[in-house]
Amino acid sequence: MLLEAVRQLLKNAGEIVIPKEAKKQMEQKILSEQSFKTKNIKIENKKVTIYPSAASATPVIYLNTFAEEEGDCVHRTLCDMSCPDFTLVVISGLEWNHDMVLWDIPPVSKNDAPYTKGADEYLQLMIEQIIPNTEKYMQGSIAWRGLAGYSLAGLFAVYSMYQTTLFSRIASMSGSLWFPDFKEYVFSNEPMQKPDHLFFSLGDRECKTKNPYLKTVQSHTEAIEAFYRGQGIDTILCMNAGGHFKDTAQRTASGIRWLLSKPAKSVETTKDL
């Protein structure tokens, strides 16, 4: 144990006199650092990785990912960006074409898998199990909750606004807003709670395809972002160079960093579970 090693080092210091209070502070600091190391938990076959803040009353952002290694890449990128202190919770092990899917649609390309409705069930799992079990490990109160995702998880993040009031900030990076009938769903339904801040990004070549669904992604994203902006929500749409699979960790981290850059409103509250 690191703490025992330091205690032994202090014991062997010989002639060096270290004040008792200083020793105590060193031990407390080490214990604190050990307490806030990355934690992994399993919930209903989902892997939940917690990159916790060492402070209390900081934000927590939930990130649904396609692959387990994505979380580490995004977290490292965020560390390099020197973001404000917050807790990142990465969820992997998802049934991608089910957990992130709003309603059934057939495959959208020749080698694609079917999309089967599972978003409502998965969001319920987040609300009832993943979030409560995750937040047990966090210090004190939570400043606000955010939800972020790339591709289908970006679609899911926006959709969550219509099903729960838990998230006050949303980031959809290269979100699958081409999804059939979703634009119409946005235009004809009211969110349960309008988010304080809403981030969109997209690659400038994502619409350069003959696929009848995917080629609509830019026009749909632009229309949806403009619609929310017209509703008085603080939104932004960032265009990135390249296609859907370019710089995914960087794009994801940039969206999360934007959410963290926005000041907390005095009326921004965290809903109880």
Side-chain angles (χ1 to χ4, degrees), residues 44-46 62-68 70 90-128 130 147-164 166-167 170-192 195 198-228 231 235 237 239-240 242-246 248 251-252 255:
E44 294 284 331
N45 296 319
K46 315 300 184 191
Y62 291 84
L63 174 65
N64 290 301
T65 60
F66 179 77
E68 184 177 323
E70 286 180 38
V90 177
I91 308 161
S92 58
L94 302 174
E95 294 182 56
W96 194 246
N97 278 33
H98 179 71
D99 292 338
M100 300 289 99
V101 172
L102 319 186
W103 43 78
D104 293 349
I105 64 169
V108 299
S109 62
K110 182 178 179 181
N111 298 317
D112 204 6
Y115 297 80
T116 58
K117 178 181 178 179
D120 292 336
E121 183 181 356
Y122 173 69
L123 183 57
Q124 204 63 28
L125 177 68
M126 284 192 71
I127 294 168
E128 294 180 355
I130 293 175
L147 182 61
Y150 198 95
S151 193
L152 277 174
L155 171 72
F156 174 85
V158 178
Y159 175 71
S160 74
M161 295 160 37
Y162 298 86
Q163 310 301 319
T164 181
L166 284 179
F167 307 107
I170 301 291
S172 173
M173 285 67 69
S174 289
S176 300
L177 305 187
W178 54 262
F179 199 84
D181 299 325
F182 183 65
K183 183 179 71 171
E184 292 72 21
Y185 179 89
V186 167
F187 292 169
S188 59
N189 288 274
E190 283 289 326
M192 288 186 68
L198 182 52
F199 178 93
F200 295 97
S201 69
L202 198 65
D204 61 8
R205 296 198 58 79
E206 293 194 50
C207 65
K208 309 296 184 184
T209 174
K210 294 180 180 179
N211 186 291
Y213 296 103
L214 304 183
K215 72 180 184 180
T216 67
V217 67
Q218 184 167 329
S219 62
H220 283 197
T221 302
E222 290 171 343
I224 289 170
E225 188 270 337
F227 175 78
Y228 287 132
Q231 300 293 307
T235 71
L237 170 57
M239 297 301 297
N240 302 298
H244 186 68
F245 299 103
K246 183 179 180 183
T248 57
R251 292 183 188 181
T252 302

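Remark: the backbone N or O of Tyr213 is paired with a side-chain donor or acceptor of Thr216 at under 3.5 angstrom. Between the Thr164 side chain and the Ser160 main chain, no donor and acceptor come within less than 3.5 Å of each other. A donor-acceptor contact shorter than 3.5 Å links the side chain of Asp204 to the backbone of Gly242. Listed for the Asp99 side chain is no donor-acceptor partner under 3.5 Å among the backbone atoms of Gly118. The backbone N or O of Val108 lies less than 3.5 Å from a partner atom in the side chain of Asn211, making a donor-acceptor pair. When atom types are taken as modelled, the side chain of Thr65 and the backbone of Ile91 share a donor-acceptor pair closer than 3.5 angstrom.
In this pair, Phe182 and Trp103 present their aromatic rings tilted. The plane angle is within the 30 to 60° band. The aromatic rings of Phe179 and Tyr115 stand perpendicular to each other, their planes meeting at an angle above 60°, with 30° marking the opposite boundary. Ring orientation note: the planes of Tyr228 and Tyr162 are tilted relative to one another, at an angle of 30° to 60°.
Between Phe66 and Leu152, the closest side-chain pair of non-hydrogen atoms is not below 4.5 Å. Looking at Glu206 and Trp178, their side chains never come closer than 4.5 Å, going by heavy atoms from C-beta outward. Counting only heavy atoms from C-beta outward, the side chains of Gln218 and Leu202 approach each other to under 4.5 Å. Residues Lys246 and Arg251 have side chains in contact (heavy-atom distance under 4.5 Å, counting atoms from C-beta outward). The closest side-chain heavy-atom distance from Asn97 to Asp112 is below 4.5 Å. Side chains of Ser151 and Ser176 form a contact here, defined as non-hydrogen atoms less than 4.5 Å apart. At least one side-chain heavy atom of Leu177 sits less than 4.5 Å from a side-chain heavy atom of Leu155. Residues Tyr185 and Ile224 have side chains not in contact (no heavy-atom distance under 4.5 Å, counting atoms from C-beta outward).
Across Pro195 and Ile170, no two heavy atoms sit closer than the pair CB-CG1, 4.3 Å. Closest heavy-atom contact between Gly93 and Lys46: O-CD, 3.7 Å. Residues Gly175 and Ser172 approach most closely at CA-OG, 3.5 Å, considering heavy atoms. Here the closest non-hydrogen pair linking Pro180 and Ile105 is CD-CD1, 3.8 Å. When all heavy atoms of Gly203 and Ser174 are compared, the closest pair comes out as N-OG, 4.0 Å. Shown here for Leu147 and Ala157, the closest heavy-atom pair between the two residues is CD2-CA, 3.7 Å.
Distance check: Glu184 CD to His220 NE2 gives 6.5 Å after rounding to the nearest 0.5 Å. Between Lys215 atom NZ and Lys210 atom NZ the span is 10.5 Å, to the nearest 0.5 Å. A distance of 10.5 Å separates SG of Cys207 from CG of Leu214, quoted to the nearest 0.5 Å. Atom CE of Met126 and atom CG of Asn64 lie 5.0 Å apart (nearest 0.5 Å). In this structure, the separation between NE2 on His98 and NZ on Lys117 is 10.0 Å, given to the nearest 0.5 Å. To the nearest 0.5 angstrom, Met100 atom CE is 8.5 Å from Leu123 atom CG.
More than 12 heavy-atom neighbours from other residues, nucleotides or ligands sit within 6.0 angstrom of CG on Asn189.
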Apply side-chain contact (heavy atoms from CB on, under 4.5 Å) to Thr248 and Glu70, showing your working.
-> CA-CA 9 Å; Thr248 57; Glu70 286 180 38; 5.8 Å; no
Stepwise side-chain contact (heavy atoms from CB on, under 4.5 Å) check, Leu125 with Ile130 | CA-CA 6 Å; Leu125 177 68; Ile130 293 175; 4.1 Å; yes
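If you look at Tyr122 and Phe156, their ring centroids are closer than 6.0 Å.
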